[in-house]
Amino acid sequence: MRIATWNVNSVRSRIDRVEALLRRHDIDVLAVQETKAKDEQFPTMGLQALGYEVAMVGYNQWNGVAILSRVGLEDVKIGFPGMPGFGEPEAPEARAIGATCGGVRVWSLYVPNGRKPDDPHFHYKLRWLEALRASTEGWLQESPNLPLALVGDWNVAPFDDDVYDMKDFKNGTHVTPQERAAFFAFQDLGLSDVARPFTPGPDVYTYWDYFRKRFERNRGLRIDFVLGSGPFADRVTGAFIDTEERSGEGASDHAPLIVELREDQ
DNA sequence: ATGGTCGTTTCACGA
C-alpha cells in the first residue's frame with residue numbers, strides 16, 4: 001500500500017500532474033494540500049475514472065485539503081475539535097481532513113504558515129498545532145491499534161539540516177523554538193517521521209521557493225512529513241521524495257512524499 | 001531590509 005502527500009498549490013491548475021503522479025507511482029492514498037478549490041470546483045471526474053474516491057474541503061484561494069483513495073474512504077471528518085474556530089462557518093479554514101482508507105487513519109494537514117513571528121497568524125499556528133496534538137492524543141487513546149498517519153505540509157523545519165541556510169531564517173518562521181517544540185510534541189505522543197530513515201539528509205528537501213531559482217540550486221526546506229503512530233511505522237518498508245515532480249514548467253513549489261506500507265498481517 | 005515567482009476571488013495578497 002502506498003500513501004503519499006503533496007502540497008499541490010492549486011489542484012485545478014495541476015490536475016494533470018496529480019493524475020500522472022497517481023499512475024506513475026501506483027499510489028493508493030494521496031493527501032493533497034493547498035487545493036485552492038471549493039468543493040464544487042474540485043476536478044474529480046478524471047480521478048474517479050482512475051478509481052479514486054475523493055473527500056475534500058476548501059473555500060478560498062489559500063487553503064483547501066483533500067484525500068484521494070482507491071482503497072476505501074470511510075469516516076471522513078473535517079477539522080478537529082479544539083482547532084481554533086472549529087464549528088464556525090468556514091472555520092476549519094480547510095486545513096485538515098481525515099478519513100480511514102484501507103484500515104489506516106489518514107489526516108491531510110495544511111498547518112498554518114505563520115507569516116512572521118510577530119504576526120497574529122504565528123500564534124494562531126501554535127494554537128492550531130497544540131489543538132492537533134491534543135486531538136491526536138485522544139485518537140491514540142481511543143484507537144491505539146489503528147495505524148494513524150498525520151501527513152501534509154507542516155510549515156515547520158524541525159532541524160537545521162532541514163533548511164538550506166539558517167542565516168536566511170534569522171527572523172523567520174518555520175525554525176523557531178516554539179514551532180519546533182510544537183512539532184516535537186507529536187514525537188512525545190509516539191508518532192515518528194517514517195520517511196526520514198529512507199530519505200536521509202543533509203540537503204534533502206520537499207519544498208523550494210519559486211523565487212531565485214531555488215530548486216535549480218537545491219536551496220529548499222524539508223517541511224512535508226508523514227508522522228506515523230507505532231502500528232503505522234511498524235509497517236513502513238520504504239519512502240521517497242519525487243524530486244523530479246518539482247522540475248519543469250508548471251510545477252508545484254512542493255515535491256510529493258511517498259511512503260510504502262507492508263500489508264497488514 | 002528587500003526582492004524574487006507563482007496562483008488566485010488579480011492592478012493585491014498570501015506563500
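Small disclaimer: the values here were computed from a predicted structure and weren't measured. Lettering follows sequence order; numbering is per chain, from 1.
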Can you check the distance between [N] and [M], where both ends of the measurement are the [atom1] atom (answer in whole Å)?
| N | M | atom1 | answer |
| --- | --- | --- | --- |
| dT8(B) | dG3(B) | P | 25 Å |
| dG7(B) | dT2(B) | P | 26 Å |
| dG14(B) | dT9(B) | C1' | 13 Å |
| dC6(B) | dA1(B) | P | 27 Å |

Which of residues 209-220 of chain A have a heavy atom under 4.0 Å from DNA chain B? Tyr210(A), Phe211(A), Arg212(A)
Starting at atom [atom1] of [X], determine the distance to atom [atom2] of [N], rounded to an integer number of angstrom.
| X | N | atom1 | atom2 | result |
| --- | --- | --- | --- | --- |
| Gln33(A) | dG7(B) | CD | P | 17 Å |
| Tyr124(A) | dG14(B) | OH | C1' | 15 Å |
| Lys167(A) | dA1(B) | NZ | C1' | 17 Å |
| Lys170(A) | dT2(B) | NZ | C1' | 16 Å |
| Phe169(A) | dA1(B) | CZ | C1' | 16 Å |
| Asn7(A) | dA15(B) | CG | P | 11 Å |
| Lys116(A) | dA15(B) | NZ | P | 10 Å |
| Arg95(A) | dG14(B) | CZ | P | 12 Å |

Among all residues two or more places apart in sequence or in another chain, which pass the side-chain hydrogen bond (donor to acceptor under 3.5 Å, both in side chains) test with [X]?
| X | value |
| --- | --- |
| Asp209(A) | Tyr207(A) |
| Glu130(A) | Arg133(A) |
| Asn7(A) | Glu34(A), Asp153(A), His254(A) |
| Asp188(A) | none |

Would you say the rings of Phe183(A) and Phe225(A) are close, in the sense that their centroids are separated by under 6.0 Å? yes
Ignoring backbone atoms, establish whether Arg115(A) has a side-chain N or O less than 4.0 Å from OP1 or OP2 of dC13(B). no
With sugar-phosphate meaning primed atoms plus P, OP1 and OP2, does Tyr110(A) contact a base, only sugar-phosphate, or nothing at under 4.0 Å between heavy atoms? sugar-phosphate
What is the nucleic acid contact for Lys38(A), judged by heavy atoms within less than 4.0 Å: base, sugar-phosphate only, or nothing? base
Which of the following nucleotides, dG7(B), dT8(B), dA15(B), is nearest to the side chain of Arg14(A)? dG7(B)
Under a 4.5 Å cut-off applied to non-hydrogen side-chain atoms, are Leu132(A) and Leu109(A) in contact? yes
Could you pick out which residue, Gly250(A) or Asn155(A), lies toward the 5' side of DNA chain B when each is mapped onto its nearest nucleotide? Gly250(A)
5'-most by nearest nucleotide on DNA chain B - Gln41(A) or His254(A): Gln41(A)
Under 3.5 Å, side-chain donor or acceptor atoms of residues 75-82 of chain A against the rest of the protein: list the pairs with distances, not counting sequence neighbours.
| residue | atom | partner | partner atom | Å |
| --- | --- | --- | --- | --- |
| Asp75(A) | OD1 | Lys77(A) | NZ | 2.6 |

NZ/NE/NH1/NH2 to OD/OE distance under 4.0 Å, Asp28(A) and Arg70(A): yes
